[in-house]
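Report on the structure given below.
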Amino acid sequence: MGQRVLGQFLDLPEDDPRRTYVEFTLEPAGAGTRLTVVETGFAQLPDDAYRKVYDGHSEGWARELGELTGHLDAR
């Protein structure tokens with residue numbers, strides 16, 4: 001079993017029950033480590049916001065994980 005870290009990344013008022021949650025799991029993979037990122041909670045968003053938020057987060061994770069890969073490959 002790998003290490004898991006949970007977090008939430010959505011700017012909503014503190015008393016608003018709608019949230020997205022992000023789970024990061026680190027697991028050994030051969031000579032390296034596998035990072036799995038799962039974000040959930042989009043179904044709680046209003047229909048008019050769902051696609052924009054989902055697409056924005058998907059693009060953001062692709063960009064951030066690409067930067068992480070580039071940083072780690074340079075080491």
Side-chain angles (χ1 to χ4, degrees):
M1 179 81 165
Q3 294 285 64
R4 290 189 177 156
V5 177
L6 299 174
Q8 56 187 31
F9 303 91
L10 188 61
D11 292 328
L12 292 171
E14 205 168 301
D15 62 343
D16 192 319
R18 297 170 297 160
R19 296 274 183 259
T20 62
Y21 295 90
V22 182
E23 179 179 337
F24 302 93
T25 304
L26 298 169
E27 300 175 283
T33 302
R34 174 178 292 121
L35 168 63
T36 303
V37 179
V38 177
E39 185 169 11
T40 60
F42 293 100
Q44 300 175 51
L45 299 174
D47 290 341
D48 61 336
Y50 174 87
R51 181 52 54 192
K52 180 180 178 184
V53 172
Y54 181 85
D55 289 347
H57 285 224
S58 295
E59 291 169 12
W61 283 119
R63 184 176 52 252
E64 293 301 323
L65 294 172
E67 290 175 9
L68 176 61
T69 299
H71 173 74
L72 294 173
D73 285 348
R75 298 183 111 217

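Below, all heavy atoms of this structure are taken into account, side chains as well, without hydrogens, waters or symmetry copies. Along the sequence shown, residues are numbered consecutively beginning with 1.
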One should read off an interatomic distance between His57 NE2 and Lys52 NZ, to the nearest 0.5 angstrom, of 10.5 Å

How far does OG1 of Thr25 sit from CZ of Arg34, to the nearest 0.5 angstrom? 11.0 Å

Excluding sequence neighbours, so at least two apart, what forms ring-ring contact (aromatic ring centres under 6.0 Å, His included) with Tyr54? Phe42, Tyr50

Results of side-chain contact (heavy atoms from CB on, under 4.5 Å) for Thr40 - residues two or more places apart only: Tyr21, Val38

Residues two or more places apart in sequence or in another chain: which of them pass side-chain hydrogen bond (donor to acceptor under 3.5 Å, both in side chains) with Asp48? none

